[in-house]
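What follows is a single structure, written as C-alpha cells, with notes after it.
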Amino acid sequence: MELLVSPSSLEEAKLSLSADIVDVKRPAEGSLGANFPWVIRSIKEITGEKPISAAIGDFAPKPGTAALAAYGAACAGADYVKIGLMFSDAEDARQVIRAVVKAIKPEFPEKTVVIAAYSDYERLLTISPFDMAAIAGEEGADISMIDTGLKDGKSTFEFMDEAALTSFTRENKKLGMKTALAGSLVFEDISPLKRIDPDIIGVRGMVCGGDRSCTIQPELVEKALAMVRS
Ligand SMILES: O=C[C@H](O)COP(=O)(O)O
C-alpha cells in the first residue's frame, strides 16, 4: 500500500517528498480541485523519479473539458491524472472516462488514469463508486478511486464501512484496475485500511493536523508513512 500526499503548492510539496506519490491539487477549488499547470510543472521538477499525480477537478459531465484538462495535466508533467465524477448519470460517466482515456493514452501510454467517485455519493446525489468502477474498467482506466466530495471532516469510513471498501477493492482487481482510497482519512483509519489493502491511500487533512486548509506537517507525513509501512 502506497501513501499519496496532496500538497497545494511547491512549498508544501517540498514538505511531502517522502510520500510515495505527491498529488498536486488546489483545495480551494474542491475535493479534487485542479492546480495550475505551472505549479504541476514546478513540483515535477523537484520530485525526480518519484511520480506525481494531478487532480483536474470535481467534474460535471463535460467530456471535452475533461479531456482537455487531462491532456494539459499530462503535458505539465503529471504521471497520474485524476478526475472526480461530480454527477450521477452512468452514460455521462462513460463519455467522460472514455474522453479522458483517449486524451492521455495514445500520446502518453505510460501515464496513469485515475477515476474517482465519492464515498458520500448519497448526500451528493452522484454516481456510486461501484457503478463508476464497472465503467472505468470497461473504458481502460488504470485506477478506480474513492474520495469524499464534501470536505467537512467526515472520513470516508463514515459513508462506506470496511466491508464495502473491501468489496470495492476486490471488484477493482477483477476489473484489472488498482484501487485508491481517500477522503478525510485520519490516523485511526490506517489499521482498517491495511486490512482492506488498497494499492494507494490518499491524504491531506491527516498530515495537516486534521484541517486540510492548514499546511502539511512533514513529521505527520513521516508518522503516516511509518504506520502504512509497519
Ligand atoms: O487524495 C486526496 C484526498 O482528497 C486527500 O484530501 P483529504 O485527506 O483532506 O480528504
Report task. Measure the shortest side-chain to side-chain distance between D147 and D58 over non-hydrogen atoms and say whether it is less than 4.5 angstrom. Result -> no
Query raised in the report: Any side-chain heavy atom of L165 within less than 4.5 Å of one from F157?
Result: yes
Query - Single-linkage hydrophobic cluster Y80~I83, side-chain heavy atoms < 4.5 angstrom - result: no
Query raised in the report: Looking at side-chain heavy atoms only, is the closest gap between V113 and V81 below 4.5 Å?
Result: no
**Report entry** CD-CG distance between E122 and L124, expressed to the nearest 0.5 angstrom
**Finding:** 10.0 Å
Query - Minimum side-chain heavy-atom gap T148-F159 below 4.5 Å - result: yes
Requested in this report: Could you check if a side-chain atom of I40 sits within less than 4.5 angstrom of a side-chain atom of I52, using non-hydrogen atoms only?
Outcome: yes
Report task. Report yes if the side chains of S144 and F168 come closer than 4.5 Å at any heavy-atom pair, otherwise no. Result -> yes
Query raised in the report: Hey, quick one: are M177 and L193 part of the same hydrophobic cluster, counting side-chain heavy atoms closer than 4.5 Å, chains of contacts allowed?
Result: no
Query - Distance, nearest 0.5 Å, that separates CE of M206 from CD of E188 - result: 8.5 Å
**Report entry** Electrostatic pair D152-R123, nearest N-O below 4.0 angstrom
**Finding:** yes
Query raised in the report: Do I21 and I201 belong to the same hydrophobic cluster, where Ile, Leu, Val, Met, Phe, Trp and Tyr are linked whenever their side-chain heavy atoms lie under 4.5 Å apart, directly or via other members?
Result: no
Query raised in the report: Would you call D20 and R229 a salt bridge, using N to O less than 4.0 angstrom?
Result: yes
Report task. Measure from the side-chain N and O atoms of K25 to the backbone N and O of S31, and report whether any donor-acceptor pair falls under 3.5 Å. Result -> yes
Query raised in the report: Any side-chain heavy atom of V39 sitting closer than 4.5 Å to one from L10?
Result: no
Query raised in the report: More than 12 foreign heavy atoms under 6.0 Å from NZ of K194: is that the case here?
Result: yes
**Report entry** Hydrophobic cluster membership, L3 vs L32, 4.5 Å side-chain cutoff
**Finding:** no
Query raised in the report: Do K82 and D23 sit within salt-bridge range, that is, some charged N less than 4.0 Å from a carboxylate O?
Result: yes
Query raised in the report: Can a salt bridge be assigned to the pair K14 and E11 using a cut-off of 4.0 Å between side-chain N and carboxylate O?
Result: no
Query raised in the report: Considering only heavy atoms from C-beta outward, does the side chain of P63 approach that of R98 to under 4.5 Å?
Result: no
Query raised in the report: Residues in ring pair (Phe, Tyr, Trp, His ring centres under 6.0 Å) with F59, at least two apart?
Result: none
**Report entry** Residues D142, K111: salt bridge by 4.0 Å N-O rule
**Finding:** no
Query raised in the report: Are V96 and I127 connected, step by step, through hydrophobic side chains (Ile, Leu, Val, Met, Phe, Trp, Tyr) whose heavy atoms are closer than 4.5 Å?
Result: yes
Report task. Verify the neighbour count for atom NZ of K105: are there more than 12 heavy atoms of other residues, nucleotides or ligands below 6.0 Å? Result -> yes
**Report entry** Residues D131 and R94 bridged, charged N to O under 4.0 Å
**Finding:** no
Query raised in the report: Is the shortest distance from a Lys or Arg side-chain nitrogen in E12 or R204 to a carboxylate oxygen in the other one below 4.0 Å?
Result: yes
Report task. Give, for atom CG of D161 and atom OG of S119, the distance between the pair rounded to the nearest 0.5 Å. Result -> 11.5 Å
